[in-house]
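First listed ligand is number 1; within each ligand, the first listed atom is number 1. Side chains included, hydrogens not; waters and symmetry mates left out as well; all remaining heavy atoms used.
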Amino acid sequence: MGLCLATFGQSHVPDLSQAARRADALLARMTLEEKIGQLVLLTSFGAATGPPHEQAALEANIRNGNCGSVFNALTVAEIRKLQKLAVDQTRLHVPLLFGYDVVHGYKTIFPIPLGEAASWDLRAIEHSARVAAVEASAAGLNWTFAPMVDIARDPRWGRICEGAGEDPFLGSAVARSQVRGFQGKDLTAPDTVLACVKHFAAYGAAMSGRDYNTVDVSERTLREVYLPPYAAAVQAGASSVMTAFNEYDGTPATANGFLLKRILRDELGFKGIVVTDYAAISELVAHGSAVDESEAAQQALAAGVDLDMEDGVYLHNLKQLLRDHRVTRKQIDAAAKRMLELKLTLGLLDDPYRHCDEQREARLVGAREHLEAAYRMACESFVLLKNDSQNLPLKAGARIAVIGPLADSQRDLLGSWKGDGGWVSVETVLDGIKRNDATDEVVFARGCEVASTNRASFAEAVAAARKADVVVAVMGESWDMSGENASRTSINLPGVQTDLLRELRKTGKPLVLVLLNGRPLDLEAESTLADAILEAWFPGMEGGKAVADVLFGKHNPCGKLPVTFPRRLGQVPIFYSVKNTGRPVNPARPDEPYKSTYLDCPNDPLYPFGFGLGYTTFACAGPHLEQSALGPGGKITASAAVSNTGTRDGVAVVQLYIRDLVGSVTRPVLELKGFQRVELKAGESRLVSFDISENDLAFLRKDMTWGTEPGAFRAFIGLDSRELRSATFQLSKK
Ligand code: GLC
């Protein structure tokens, strides 16, 4: 049984052979203490990204050879200083790795990853990671703790903002692009950083959407839904993998040999290093899988963990565990060798200061062209959810009342994991609207705070709205209401924002809602109150400017939801790739009894996966199949004529889904198997074609092997996962 590793283009897996030979030679000269030191990762003080652990005397540990890697050290000056300690003052002069959470930018902060995924623009996503790598490496770093590729289908989970949403196919495509962006084509190049795919595995399946909570999914679900993006990242050459905080099948991921050896090493062929998440080895005691930190260290090493992040459990226990024959020298040597191989692959042993160039740092970090890329990505990330009576684009010169607690916010634009990005000079949505409207007719009234229940400023906001031609409400979540340790039991707009929207609706003015948020929200009320809704996520440093420019029509929004927006939380988990069940609703007879429905809510979401409007309209005919059957190893071509039926040029994201009608196990009613971003001028039509190969029809069969089964399939082509047309084809045995 194995994971399906569809072949995706040329991987950039680093060549470890020469590094292996040099690592062996170095390892042979190392003492046990020096080898253990290579398995220790300690935090510096440029950022705090985990529970306040006793901050070990970092510099002393480096000098004593007790620390082989550092994270959260920022700037060339700081990194050069620490690297000098390792190179000059340790016996074998082994340089340090320097890691940091460069998730959506280092200094130039791009939209949050969920927003980037909404662009469905793989080239732009790769470029975003490339820019992050150029800046991070120019600042002295050589390792990023990204991409985060955890599939997430529960909007209560705060870290849904960090990934690419609910779908394994889209998530895998995004993961490959991010790894390629971070690592480039040559890891010895000074403008690349090691990627670290995280959090292995199935962290996004946290029960009840509560961060760090238990994960209890079947192996089938693990392999079909959660593993593909990790597999894609590994196949794209990711140099490191980070273990997840959660357990899988009763064993914490950090001590889970099934995940770290059977799947990651044996099935995926991963050759890089495995690093824990923050203090995750010590947390094996809290999990109840280890009686103490000594046993935790033993379990983690046995499971295949190479590098211990921050808690010092390897440093304080491995030597005694070896003496007590509870770990082996072979285990320690194998982990230390992988660390050395990676440093050799980076070229660090030949030039420990290869990333320490103050001139590059000054020239590249925060460069103008990086901001322009962040602006373009922000424009592409927005999803227009509603635009009744075409209230958007706004007309310059209109009297505009800008209302809401996020209209003039700078910090919230950056979202969580903002890297070393600053915000004091970023343009807010309000600034951008004033700039575009080019009149002094733009009035701002906050109306309320994000999370408070205070309604005292409603009246002022309503008064401003009454005097305006159009109202733009900028609402949502604050940046720290999503991200790590930021799960919510409600996915409504926090505080009294919705009540304020109701008051604004009563004025009868055209009402545009701009959302800044890190997760799908329950917009059932807002969808009836607002005439237009623009989902802008947390759009990054250039996001305020981009939101305003899109509102005024300088760009035609083209984003598509990478995650389902439910009508209400009670539907969660809700996603498009569901099973049919034995009692599916009959669309022709929705009120038929004894069907899988709710008493109080339709089954379908408010806004489905893949959905997004624009300032033009598109039509999708077809699909037409060139053949009605394919055999083993064969393919068929599905095509659809896509037309821009509106008055503006625009981008359509054409999506291909399939359904396997009958299988040895039940199959989802839809699975995304392809997508193409198609730029069409007003009035232009184009035939969009997809090749469907047998490999695209493979799945985890009843016997848990990957492969296909003959039978009838449907191919669907459309512009979201709801409005689809299909055609049937057969997969034959021969
Ligand atoms: C945090 C996060 C992880 C991050 C690490 C280092 O706890 O879970 O994503 O990379 O610590 O900052």
Number the atoms of ligand 1 from 1 as they appear, then name those within less than 4.0 Å of a heavy atom of [X], with their elements.
X: Thr49; answer: 1 (C), 6 (C), 7 (O), 11 (O), 12 (O)
X: Lys198; answer: 3 (C), 4 (C), 9 (O), 10 (O)
X: Phe145; answer: 6 (C), 10 (O)
X: His199; answer: 3 (C), 8 (O), 9 (O)
X: Phe245; answer: 7 (O), 8 (O)

- prompt: Taking only residues two or more places apart in sequence, or in another chain, which ones meet Thr188 in a side-chain hydrogen bond (donor to acceptor under 3.5 Å, both in side chains)?
  reply: Asp186
task: With sequence neighbours left out, write down each residue that passes side-chain hydrogen bond (donor to acceptor under 3.5 Å, both in side chains) with Ser381, or none if nothing qualifies.
output: none
- prompt: Given Asp191, which of Arg354, Lys185, Arg130 fulfils the salt bridge (charged side-chain N to carboxylate O under 4.0 Å, His left out) condition?
  reply: Arg130
Under 6.0 Å from the six-membered ring centre of [Y] and within 45° of its axis: does the NZ or CZ of [X] meet both?
X: Arg210; Y: Trp157; result: no
X: Lys198; Y: Trp417; result: yes
X: Arg153; Y: Phe575; result: yes

Sidechain N-carboxylate O distance under 4.0 Å for Glu162, Arg159: yes
query: Are Asp306 and Lys35 close enough for a salt bridge, meaning some N to O gap below 4.0 Å?
result: no
query: Considering only protein heavy atoms, which is closest to atom 5 (C) of ligand 1, and at what distance to one decimal place?
result: Asp277 OD1, 3.3 Å
Is any N or O atom of [X], backbone or side chain, closer than 3.5 Å to an N or O atom of ligand 1?
X: Tyr278; result: no
X: Arg159; result: yes
X: Asp101; result: yes

- request: Check whether any heavy atom of Tyr100 sits under 4.0 Å from an atom of ligand 1.
  value: no
- line: Closest to atom 2 (C) of ligand 1 (heavy atoms only, candidates Glu310, Glu484, Glu162, Met148) is Glu484
